[in-house]
2 protein chains.
Amino acid sequence: MAGRPTSTRRERGSLSTEDILDAAFAVAGTTGVDGMSVPEVAKHMGVGVTSIYWHFRKKDDLVRSMSDRAVRTVVAALPVPTTGQDVREFLENYFRQLRDVHRRNDVLTDLTWTRIRSYSLDSTHVLYHHIEVILEFMIGAGFVPLTAWNSFSTGYTFTRGVVVGERIQHLNHSPILRDTVSKLLDHDTMPILSELLSNDGIMLAMVSDTEFDHGLRLILDGIVASGDARLRSGRG
Amino acid sequence: MAGRPTSTRRERGSLSTEDILDAAFAVAGTTGVDGMSVPEVAKHMGVGVTSIYWHFRKKDDLVRSMSDRAVRTVVAALPVPTTGQDVREFLENYFRQLRDVHRRNDVLTDLTWTRIRSYSLDSTHVLYHHIEVILEFMIGAGFVPLTAWNSFSTGYTFTRGVVVGERIQHLNHSPILRDTVSKLLDHDTMPILSELLSNDGIMLAMVSDTEFDHGLRLILDGIVASGDARLRSGRG
DNA sequence: ACCTGAACACCGTTCAAGT
DNA sequence: ACCTGAACACCGTTCAAGT
């Protein structure tokens with residue numbers, strides 16, 4: 001009652017685009033990026049819907065700005081190589097962190113990897129400058145530029161596959177989950193999978209720690225081998 | 001004029017769920033799964049909107065049924081191993097086809113890999129029976145079951161990463177595309193990437209043929225090596 | 001059992017103001 | 001320059017019928 005303002009109109013400048021983005025992320029955090037509506041963001045801030053349309057001409061523009069911030073958030077959470085660091089050690093840590101950032105925040109995944117909005121040139125610049133640094137580090141460790149690029153790409157793409165797969169699995173409430181598994185995999189028609197499920201603890205979605213660890217190790221082995229081959233031929 | 005029906009009401013049974021699915025896929029093909037609306041599907045069929053709601057209680061149910069059909073379509077398009085076939089040859093072909101099915105039809109990708117609906121137990125059964133056959137084949141060629149599973153998973157997940165990445169890139173109209181690339185990668189701040197782009201024809205999105213081929217080869221090398229190790233230790 | 005229009009709540013977006 | 005409510009077209013869904 002005491003907190004209720006006399007004037008119903010906000011003062012000019014009281015509504016910054018950053019505040020709107022904060023609210024948008026808050027709403028998207030509970031409803032998902034798809035479920036987020038402009039009216040709900042407005043309600044969350046206690047402003048009229050149309051006020052938001054002054055700062056962002058279309059909902060698309062708002063989502064684009066969210067993606068922008070998301071890219072920077074992800075990049076900021078990733079490790080940077082230190083000179084002299086072991087390549088394998090760095091990359092393993094890098095891809096694990098890449099997976100973890102996304103696991104911690106679904107909205108980031110939606111905005112950068114599954115939603116279909118582009119982000120600004122500025123953020124793209126941030127992203128690729130970050131990759132440039134990693135390539136530089138790998139080349140310093142003996143990689144040919146193209147091999148460094150392809151190697152990094154492989155790990156990056158694999159990690160995206162894992163993250164997206166896990167995202168689908170969760171939002172799905174899919175029958176891939178443990179409890180319903182027995183109903184669909186009887187031992188008679190699928191002996192191998194049903195053995196793997198009961199004895200080796202795999203998950204049908206292929207995106208649990210087991211599969212990620214195995215895939216990452218396989219890829220890192222390959223990457224290191226291609227780097228070593230270079231070093232050997234370079235020396236010989 | 002002659003084609004215009006006298007009665008405005010459709011006869012009972014004239015509207016099958018399969019017909020609705022056909023129409024839904026047709027609409028989704030032009031508007032995308034996100035853009036598809038129930039009214040538009042109805043208009044496409046020349047029926048009232050509510051008629052569709054008799055067959056599918058919610059739009060969600062309709063999309064779920066679409067996902068169901070999508071899973072079967074994808075599985076049907078994938079190769080099946082023949083006894084005695086070379087494992088590497090089969091897997092390479094398999095993952096290439098997996099990528100190609102999705103490249104040919106974005107709607108399939110949306111429904112099975114980026115949209116967040118589950119599909120029926122029946123379709124899940126179809127999908128995993130199909131994987132069971134591949135595992136059986138790999139085990140027949142000397143793989144330990146768990147290694148076969150993990151190996152297959154790695155290739156599958158990597159391919160999903162490539163497909164999803166390409167899907168984002170296209171729907172993005174992103175600055176990752178060739179023409180705008182020069183604006184964001186000047187040679188001074190990103191010498192390595194700008195060299196790679198001009199000399200080696202890489203694509204920043206990391207999902208072109210170059211990166212897919214390299215990643216797939218790297219992964220297949222690793223898979224074959226793990227299979228061989230088994231054979232050697234089994235013999236030794 | 002199957003098809004239909006009217007009706008409702010909600011969303012994206014625009015307009016014509018207000019300060 | 002910045003904030004606002006009224007208004008519009010469109011969507012998902014329900015209801016109360018029609019045959």
Side-chain angles (χ1 to χ4, degrees), chain A residues 4-67 110-111 115-117 171, chain B residues 4-67 110-111 115-117 171:
Chain A
R4 187 140 176 255
T6 335
S7 166
T8 181
R9 192 183 189 90
R10 292 179 71 103
E11 354 165 24
R12 50 170 170 83
S14 68
L15 195 61
S16 77
T17 56
E18 288 303 312
D19 289 345
I20 297 175
L21 281 176
D22 288 343
F25 269 95
V27 172
T30 68
T31 65
V33 174
D34 281 338
M36 183 198 79
S37 76
V38 183
E40 257 177 302
V41 175
K43 193 186 293 173
H44 190 270
M45 305 184 75
V47 298
V49 205
T50 37
S51 305
I52 290 178
Y53 278 88
W54 192 86
H55 293 266
F56 298 96
R57 288 186 48 186
K58 304 170 66 182
K59 184 188 176 184
D60 204 71
D61 293 342
L62 173 57
V63 178
R64 205 178 299 270
S65 287
M66 291 175 76
S67 301
D110 286 350
L111 289 170
R115 293 300 90 207
I116 49 183
R117 318 288 169 168
L171 288 164
Chain B
R4 186 137 178 255
T6 337
S7 165
T8 181
R9 194 185 186 87
R10 290 179 72 102
E11 352 166 26
R12 48 167 170 85
S14 69
L15 196 62
S16 77
T17 56
E18 288 304 312
D19 288 345
I20 296 174
L21 281 176
D22 289 343
F25 269 95
V27 172
T30 67
T31 64
V33 175
D34 281 338
M36 185 198 77
S37 77
V38 184
E40 259 178 301
V41 175
K43 192 186 295 174
H44 190 269
M45 306 184 75
V47 298
V49 205
T50 36
S51 306
I52 290 178
Y53 277 89
W54 191 87
H55 294 266
F56 299 96
R57 288 185 48 187
K58 305 169 65 182
K59 183 188 176 184
D60 203 71
D61 293 342
L62 173 57
V63 177
R64 205 179 299 270
S65 288
M66 291 176 75
S67 302
D110 286 350
L111 289 170
R115 293 301 90 206
I116 48 182
R117 319 288 169 167
L171 287 164

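Naming: A, B, ... by sequence-line order, numbering from 1 per chain. Note that the structure is predicted; figures quoted are calculated from it, not measured.
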Legend entry - Pairs satisfying side chain to side chain donor-acceptor pair (under 3.5 Å), at least one member in residues 35-55 of chain B, at least two apart: Ser37(B)-Glu40(B)

Inset, instruction - Scan nucleotides 14-19 of chain D nucleotide by nucleotide, 5' to 3', and note B when protein non-hydrogen atoms come under 4.0 Å of the base, S if they reach only the sugar-phosphate, - if neither. - result: BB--B-

Inset, instruction - Report yes if a side-chain nitrogen or oxygen of Ser51(B) is closer than 4.0 Å to either non-bridging phosphate oxygen (OP1 or OP2) of dC2(C); otherwise report no. - result: no

Separation of [X] atom [atom1] from [N] atom [atom2], in whole Å?
{"X": "Ile52(A)", "N": "dT13(C)", "atom1": "CD1", "atom2": "P", "value": "12 Å"}
{"X": "Leu62(A)", "N": "dC11(C)", "atom1": "CG", "atom2": "P", "value": "14 Å"}
{"X": "Glu40(A)", "N": "dT13(C)", "atom1": "CD", "atom2": "P", "value": "15 Å"}
{"X": "Asp19(A)", "N": "dC3(D)", "atom1": "CG", "atom2": "C1'", "value": "14 Å"}
{"X": "His55(A)", "N": "dT13(C)", "atom1": "NE2", "atom2": "C1'", "value": "16 Å"}

With a 3.5 Å cut-off and sequence neighbours excluded, list the donor-acceptor pairs that the side chains of residues 17-31 of chain A form with protein atoms.
| residue | atom | partner | partner atom | Å |
| --- | --- | --- | --- | --- |
| Glu18(A) | OE1 | Arg69(A) | NH2 | 2.7 |
| Asp19(A) | OD1 | Ser16(A) | OG | 3.4 |
| Asp19(A) | OD2 | Ser16(A) | OG | 3.3 |
| Asp22(A) | OD1 | Arg69(A) | NH1 | 2.9 |
| Asp22(A) | OD1 | Arg69(A) | NH2 | 3.2 |
| Thr30(A) | OG1 | Val27(A) | O | 3.0 |
| Thr31(A) | OG1 | Val27(A) | O | 3.1 |
| Thr31(A) | OG1 | Met36(A) | N | 3.3 |

N/O contacts under 3.5 Å, protein versus nucleotides 8-10 of chain D?
none

Inset, instruction - Identify, between Val49(B) and Trp54(B), the residue whose nearest nucleotide on DNA chain C lies closer to the 5' end. - result: Trp54(B)

Inset, instruction - Among the candidates dT13(C), dC3(C), dC11(D), find the nucleotide nearest to the side-chain atoms of Pro39(B). - result: dC11(D)

Legend entry - From dC3(D), dG12(D), dC11(C), nucleotide with atom closest to Leu15(A) side chain: dC3(D)

Legend entry - Intra- and inter-strand pairs of DNA chain D in dot-bracket (Watson-Crick or G-U wobble, both distances under 3.5 Å; | for another strand): ||.|||||...|||||.||

Inset, instruction - List the atom of Lys59(B), the atom of Asp34(B), and the distance in Å for their closest heavy-atom pair. - result: NZ-O, 4.3 Å

